[in-house]
Protein chains: 2
Amino acid sequence: MGIVAVRLKDIADELQLSVVTVSKVLQNYRDVNAETRRRVLEKAQELGYRPNYVARSLVMQRSATIGMVLPHLRHTFFQEVYQAIAAKASPKGYSLLIAISQEDPDQEAREIDHMISRQVEGLILASTRPYTAGDFLEPLEKRNLPLLLLDREFANYDAHFVGTDDVELGRFATAHLIEQGCTRIAHLRGPDVSTAIARVEGYRTELAAHKLTRHPHYVAGGTGDDEAGYWAMKSLLKAKPPPDSVFCYNDPVAAGAMKAVLDSGLRVPQDVAIVGAGNMHYSDLFRVPLTTVDQRSAEVGAQAADLILDLAERGSTTSATHKRGRRPKRVLVKPTMVIRESSRRKR
Amino acid sequence: MGIVAVRLKDIADELQLSVVTVSKVLQNYRDVNAETRRRVLEKAQELGYRPNYVARSLVMQRSATIGMVLPHLRHTFFQEVYQAIAAKASPKGYSLLIAISQEDPDQEAREIDHMISRQVEGLILASTRPYTAGDFLEPLEKRNLPLLLLDREFANYDAHFVGTDDVELGRFATAHLIEQGCTRIAHLRGPDVSTAIARVEGYRTELAAHKLTRHPHYVAGGTGDDEAGYWAMKSLLKAKPPPDSVFCYNDPVAAGAMKAVLDSGLRVPQDVAIVGAGNMHYSDLFRVPLTTVDQRSAEVGAQAADLILDLAERGSTTSATHKRGRRPKRVLVKPTMVIRESSRRKR
DNA sequence: CCGGGTCAAGAAAACGTTTTCGCCAAATAA
DNA sequence: TTATTTGGCGAAAACGTTTTCTTGACCCGG
């Protein structure tokens, strides 16, 4: 019972050779006779030999594995980033070990520990923690294990980062609404993570640049899902005067907000223009096709893959080298507007 | 440079002990002095020791890893299944190694080989192959490695399977349209995989049960995405007589179909009623909220997790034991209707 | 004083590889 | 002929664990 595996030794025994010679054939060493090589390859084929990467990892001190710890897989953003990373890592022989923290910081810490134990050569982390890093990163530092923060960064911790330029995202969305003639622009912000904070900043900056006043009640919060968007929008509509437009933290929030507006008998975009973010799949098929800011997730993924693979191959570093003067990389991908019906006021 | 790790030996050296004793402490063996145990635990904490699972896997002949090979992550189905599996596997100490075949059979075969080399204890495969298994499963059989087919099964190969009851799905959708008074019911089928074939079967069975004729042109094919749905629907609308309703392979196809209908100036559901499948996130926010058949993906994932973990723990089997008389398990999850506007003809 | 038992620790073997080094025979050069 | 190189192969060590077996010290009862 159990799994039966063919080892180098099995090939060696059958051919009256040593494991060393067999190994050498498979590693393409030159100091082995052509005829011997042929016989080994033939036998390996015949027995269906597959190398044992666990053993190889141990002796070579290289797992060829990249770990990813994500809060969830709900948004297309993480899926597409994941696909982009997989597409780059696989041809280089790297495997991807994935863990989901379920938005739970303790679970996140456990999964990170687990990744360490699995000897990953690099770790991509989209942290679920509210904006600030704790000492849960210490084990990574101690081991000098390459860390790449994805999408969300920490205010008090310098690490390599790849994500969307969220300040720009906020500015783009807001500028677009202004351009459409909106003046009472509200914002449904997300939870207390860097992306949400940066989007608020972009929103404010752009309003200020156009000398538009911010009604104090025009920024409402939530957990970042459609449920939250629905209820936040419901209450926003009761403000006096009510907003004529809203920039939402992401597409799910925008979807909820749209539902709230339509349920209230108001029209989109005539009464309330809506802009989301993330360009979720099929958001063009919403009741009113949704204007959104595309985060170019595939590009984010590609950048993340390039960086983490580079770090892994060079055997750098969480933050140790930063302290020796080298700055961590910070890659911000510029978002792009995708304009659809939900915000089109001008014809 | 490179990653620096703390080993058992480091702890042992500092405390003038042998690795054996240190290992025993961490494995909770009883034959070690209480004071020694305390010192070891303290030192392990101090040095930030994390066990090396690669070494442990090698000696214990247990990787505690489950592999998943999926065609892609686009549909919410796979995401939710993945999440459900992760939720069950993680508490049991299993990690998930994921690979994406990109719908490419060769890539799929490579990824399977890779999983073998990584010594996974069980493999979940949603194959991209058109309905029939090839000899690419031979390495799995040879090693007696537990295989679980997810979502899509093979006609000519008996293996454990967990997925949606797709025949029922096709019947449910069709029956619902009949109930709404539709008579010219078309079907936009998916690619040549078992799920699509089964859905067609359900569709035909239900039509026959109601003695409804099938217009030969009423089944149109495609690749299963919204693009395909759009063009297939476009041409379906030119049929004489045109269908008054359509059951679509999945929600993306339905989304494309809806777009085609609306673009043609027709109304949903009055002129053409539409039913999708999969209950994609936010399909209730479509231009016309989409009626769909929910595949209960979380339940599928939970079942898949239970089965593969059970197989892995018991060290069974691809198909070897099947031949010894034990039948592979076949778990079919019953889908449920989610009725929304796109199909509601009766008030 | 001896035999048995208990307690605490370590030595050795094992897991499947890779790599370095050494060995021997045959071929080549001097 | 002798010295040197070359070609082909294997022995041994290493990677970080876990497990089994052994050892030695100590205590207790007879």
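Since we're looking at a predicted model, the values are computed, not measured. Numbers restart at 1 for each chain; the letters A, B, ... are given by sequence-line order, proteins then strands.
- With a 4.5 Å cut-off on side-chain heavy atoms, Pro105(A) and Arg129(A) count as touching.
- Per the geometry, CZ belonging to Arg56(B) stands 18 Å off P belonging to dG16(C), to the nearest Å.
- The side chain of Ser23(B) places no N or O atom within less than 4.0 Å of a non-bridging phosphate oxygen (OP1 or OP2) of dT17(D).
- The side chain of Gln27(A) approaches dT18(C) more closely than any other nucleotide in the set dT17(C), dT18(C), dT17(D).
- Look at CD on Glu35(A): it is 15 Å from C1' on dC9(D), rounded to the nearest Å.
- Regarding Asn52(B), its CG atom lies at a distance of 6 Å from the C1' atom of dG16(D), rounded to whole Å.
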Inset, instruction - Go along nucleotides 6-15 of chain C 5' to 3' and tag each nucleotide: B for a protein heavy atom under 4.0 Å from its base, S when only backbone or sugar atoms are that close, - otherwise. - result: --SBBBB-BB
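- Side chains of Ile98(A) and Leu96(B) form no contact here, defined as non-hydrogen atoms less than 4.5 Å apart.
- The closest side-chain heavy-atom distance from Gln119(B) to Arg143(B) is below 4.5 Å.
- Rounded to whole Å, atom P of dG16(C) lies 10 Å from atom OH of Tyr49(A).
- The one candidate from Glu103(A), Gln102(A), Glu108(A) that meets the side-chain hydrogen bond (donor to acceptor under 3.5 Å, both in side chains) condition with Thr128(A) is Glu103(A).
- At dT19(C), one or more side-chain N or O atoms of Tyr29(A) fall inside 4.0 Å of OP1 or OP2 (strictly under the cut-off).
- Whole-Å rounding puts the Asn28(A) CG to dT18(C) P distance at 12 Å.
- Remark: P of dG16(C) and CG of Asp13(A) are 12 Å apart, rounded to the nearest angstrom.
- Counting only heavy atoms from C-beta outward, the side chains of Phe154(A) and Leu137(A) approach each other to under 4.5 Å.
- Interatomic distance, Arg50(A) CZ to Arg118(B) CZ, rounded to the nearest 0.5 Å: 15.0 Å.
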